[in-house]
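Reckoned from all heavy atoms, side chains included, excluding hydrogens, waters and symmetry mates.
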Amino acid sequence: MSITVNIYYTGSGGAARAFAAEMVSSGLVERIRAEEGNERYAYFFPMDDPETVLLVDSWRDQAAIDAHHKTEMMARIAQLREKYRLRMRVERYLPEK
């Protein structure tokens with residue numbers, strides 16, 4: 001039962017793209033992808049909105065998401081969001097039953 005969360009990070013002056021670049025260059029993305037239960041962690045850039053980055057984040061189940069949220073990486077992600085002054089919009093998708 002995969003759960004997918006789309007997170008839209010929006011800022012100004014290229015901040016969202018800089019955030020995504022730092023997530024990759026710092027090794028956080030690689031560490032998250034290596035977590036038990038992570039199925040996808042990928043950034044995309046909407047063509048019609050240069051100030052937004054979309055993160056598609058998929059997990060095996062809610063337990064995997066809960067475990068991820070308890071890691072120290074979440075504090076680092078929050079620090080980076082604050083550093084780049086980003087706003088977030090979240091969409092959550094569950095599998096059809």
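Residue-environment remark: CD (E36) stays at or below the threshold of 12 foreign heavy atoms within 6.0 Å. Surrounding CZ of R85 are at most 12 heavy atoms belonging to other residues, nucleotides or ligands under 6.0 Å away.
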- [ ] Mind running side-chain contact (heavy atoms from CB on, under 4.5 Å) on V53 and Y8 for me, showing each step along the way?
- [x] CA-CA 6 Å; V53 170; Y8 297 85; over 6 Å; no

Task: Audit row: T52, L54, side-chain contact (heavy atoms from CB on, under 4.5 Å) steps and yes/no - done: CA-CA 7 Å; T52 296; L54 166 62; 5.7 Å; no

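Side-chain contact between I3 and D57 is absent, with no heavy-atom pair separated by less than 4.5 Å. A 4.5 Å side-chain heavy-atom check between I65 and R92 finds at least one atom pair inside the cut-off. Contact annotation: the side chain of M23 approaches that of I32 to within less than 4.5 Å [non-hydrogen atoms, C-beta and beyond]. T10 has its side chain out of reach of R89: every pair of non-hydrogen atoms, C-beta onward, lies at least 4.5 Å apart.
Using bins of under 30°, 30° to 60° and over 60° for the plane-to-plane angle, the ring pair Y41/H68 lands in the perpendicular bin. Taking the six-membered ring where the residue is Trp, Y43 and F19 present perpendicular rings, their angle passing 60° and hence far from 30°.
With sequence neighbours left out, the side chain to side chain donor-acceptor pair (under 3.5 Å) criterion links D66 to Q62. For E82, the side chain to side chain donor-acceptor pair (under 3.5 Å) criterion is met by no residue, not counting sequence neighbours.
Taking a cutoff of 4.0 Å between a charged side-chain nitrogen and a carboxylate oxygen, E51 and R87 do not qualify as a salt bridge.
One hydrophobic cluster holds both M88 and L86 under the rule that ILVMFWY side chains link at heavy-atom gaps under 4.5 Å. F45 and V5 fall within a single hydrophobic cluster, where Ile, Leu, Val, Met, Phe, Trp and Tyr are joined by side-chain heavy atoms under 4.5 Å apart, directly or via other members. Neither V90 nor F44 shares a network with the other; the hydrophobic side chains, linked directly or stepwise wherever heavy atoms of I, L, V, M, F, W or Y lie under 4.5 Å apart, form separate groups for each. With hydrophobic clusters built from ILVMFWY side chains whose heavy atoms lie under 4.5 angstrom apart, V56 does not share a cluster with M73.
Contact between N38 and R33 at its shortest, heavy atoms only, is OD1-CA, 3.6 Å. Considering every non-hydrogen atom in both Y84 and A18, the closest pair reads CE2-CB, 3.5 Å. Shortest non-hydrogen contact noted between P95 and S2 is CD-O, 2.9 Å. In terms of heavy atoms, A64 sits closest to G37 at CB-CA, 3.9 Å.
E22 contributes atom CD, which lies 10.0 Å from atom CD of Q79 (distance to the nearest 0.5 angstrom).
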